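Labels below follow one simple rule: chain letters A, B, ... track the order of the sequence lines, proteins then strands, and each chain is numbered from 1. What you see is a predicted model; the values in this text were computed from it and never measured.
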Protein chains: 2
Amino acid sequence: MDKKTQALFEARAKVIKAMAHPTRLFMVDQLSRREHCVCELTDMIGADTSTVSKHLSILKNAGIVSMEKRGSQVFYQLRVPCILNFFGCVEGVLKSSARDQMQLVK
Amino acid sequence: MDKKTQALFEARAKVIKAMAHPTRLFMVDQLSRREHCVCELTDMIGADTSTVSKHLSILKNAGIVSMEKRGSQVFYQLRVPCILNFFGCVEGVLKSSARDQMQLVK
DNA sequence: AAATCACTTGGCTATTTGGCCAAATGACCG
DNA sequence: CGGTCATTTGGCCAAATAGCCAAGTGATTT
């Protein structure tokens, strides 16, 4: 594998890595409906504000969300809606895995 | 966030986590063209066979690839082609991040 | 049966990640 | 200005991840 190819896949992995956490997936899902401030997301998730803030900055660094400061609050919005297509495919993976499990047990 | 929602996002994250590594993304890309045995992938990647084997078993556990033993070799194949749609979207994220960087520098 | 591929598994270490707490920053209210 | 709310950052620790080497398994060859 040459250097250029490797760099390409590393860049891609960085984006996918940012999605690879239940809390962050939840955030993306919520942000797909409408923008939210950190405090709203913190309420929904029930973790420490600092934890939520760090998750958000990971999404931001990956280029998946953007933020806007308004007054004392920071609002995050989903920047790339195509990310939502992930969910459909992932659901397909889960379903087909579940089917295979059934086959084994049956 | 209730228990059921949490479990859903954890299941989804497990699948995406399996993709969240450059080597594994490369494997998925290769397997999308045709099936490959472990030895072929090992040659392409240039890591220890055991490392490659472990990456493949992570993809298998996530339900992304399946394997078939034929003689002394093990062939892996992509089970869910929709995974390939990830790449298009990820590329979009990278492109739009790059554009934003340009704006900043310019 | 011994040697040899093809692969998986176990063990070890170094690095990364995720969480909380505490402290720092910034806006707003009184 | 002092206090408070919203958020970010730094520090710390526990857990997960990724890599290599070595050892184990299974099929094939001699």
Exercise. Distance-only, no hydrogens or angles: does the A/Asp29 side chain make a donor-acceptor pair with backbone N or O of A/Leu25 under 3.5 Å?
Worked result: no
Exercise. Of the nucleotides D/dG19, C/dC21, C/dT8, which has the atom closest to the B/Thr51 side chain?
Worked result: D/dG19
Exercise. On DNA chain D, nearest-nucleotide positions of B/Lys17 versus B/Ser72: which is more 5'?
Worked result: B/Lys17
Problem set entry | Phosphate OP1/OP2 of C/dA27 contacted by A/Arg70 side-chain N/O (<4.0 Å) | no
Problem set entry | Interatomic distance, B/Leu56 CG vs D/dG19 P [rounded to whole Å] | 12 Å
For this session: Establish, with yes or no, whether the OP1 or OP2 oxygen of D/dC20 is under 4.0 angstrom from a side-chain nitrogen or oxygen of B/Lys54.
Result: no
Seminar exercise, completed: Atom CD of B/Gln6 and atom P of C/dG19 are separated, to the nearest Å, by 10 Å
Exercise. Are A/Ser97 and A/Asp100 close enough that a side-chain donor and a side-chain acceptor fall under 3.5 Å?
Worked result: no
Exercise. What is the distance, rounded to the nearest whole Å, between atom CD1 of A/Ile45 and atom P of C/dC20?
Worked result: 11 Å
Exercise. Taking NZ from A/Lys69 and P from D/dT7, how many angstroms apart are they, rounded to a whole number?
Worked result: 10 Å
Exercise. Does B/His21 have a side-chain nitrogen or oxygen under 4.0 Å from the phosphate oxygens OP1 or OP2 of D/dG19?
Worked result: yes
Problem set entry | Side chain of B/Ser50 (C-beta onward), nearest among C/dT17, C/dC20, D/dC21 | D/dC21
Seminar exercise, completed: Against the side chain of B/Gln73, the closest entry in C/dC7, D/dA6, C/dC20 is C/dC7
For this session: Rounded to the nearest 0.5 Å, what's the gap from CD1 on B/Ile64 to CE on B/Met19? Could you check?
Result: 5.5 Å
Exercise. Heavy-atom distance under 4.5 Å between the side chains of A/Tyr76 and A/Glu68, does that happen here?
Worked result: no
Exercise. In whole angstroms, how far is the C1' atom of D/dT17 from the CD1 atom of B/Ile16?
Worked result: 18 Å
Problem set entry | Separation of atom CG in B/Asn61 from atom C1' in D/dA16, rounded to whole Å | 15 Å
Problem set entry | Per B/Asp48 side chain, nearest of listed nucleotides D/dC20, C/dA27, C/dT8 | D/dC20
Exercise. Starting at CD of A/Glu40 and ending at C1' of D/dA6, how long is that distance when rounded to a whole Å?
Worked result: 12 Å
For this session: Evaluate the salt bridge (Lys or Arg N to Asp or Glu O under 4.0 Å) criterion for residues A/Glu10 and A/Lys17: first the C-alpha distance (whole Å), next the side-chain angles of each, then the deciding distance (0.1 Å), finally the verdict.
Result: CA-CA 10 Å; A/Glu10 268 163 24; A/Lys17 236 180 191 171; over 6 Å; no
Problem set entry | Contact under 4.0 Å: A/His55 side-chain N or O vs C/dG19 OP1/OP2 | yes
Exercise. From C/dT8, D/dA27, C/dC21, pick the nucleotide closest to the side chain of B/Tyr76?
Worked result: C/dT8
Problem set entry | Which nucleotide in C/dT9, D/dA18, D/dT7 has an atom nearest any side-chain atom of B/Ser53 | C/dT9
Seminar exercise, completed: B/Leu59 atom CG is separated from D/dT17 atom P, nearest whole Å, by 14 Å
Exercise. If each of B/Ile58 and A/Cys37 is mapped to the nucleotide of DNA chain D with the nearest heavy atom, which maps nearer the 5' terminus, i.e. the 5' end?
Worked result: A/Cys37
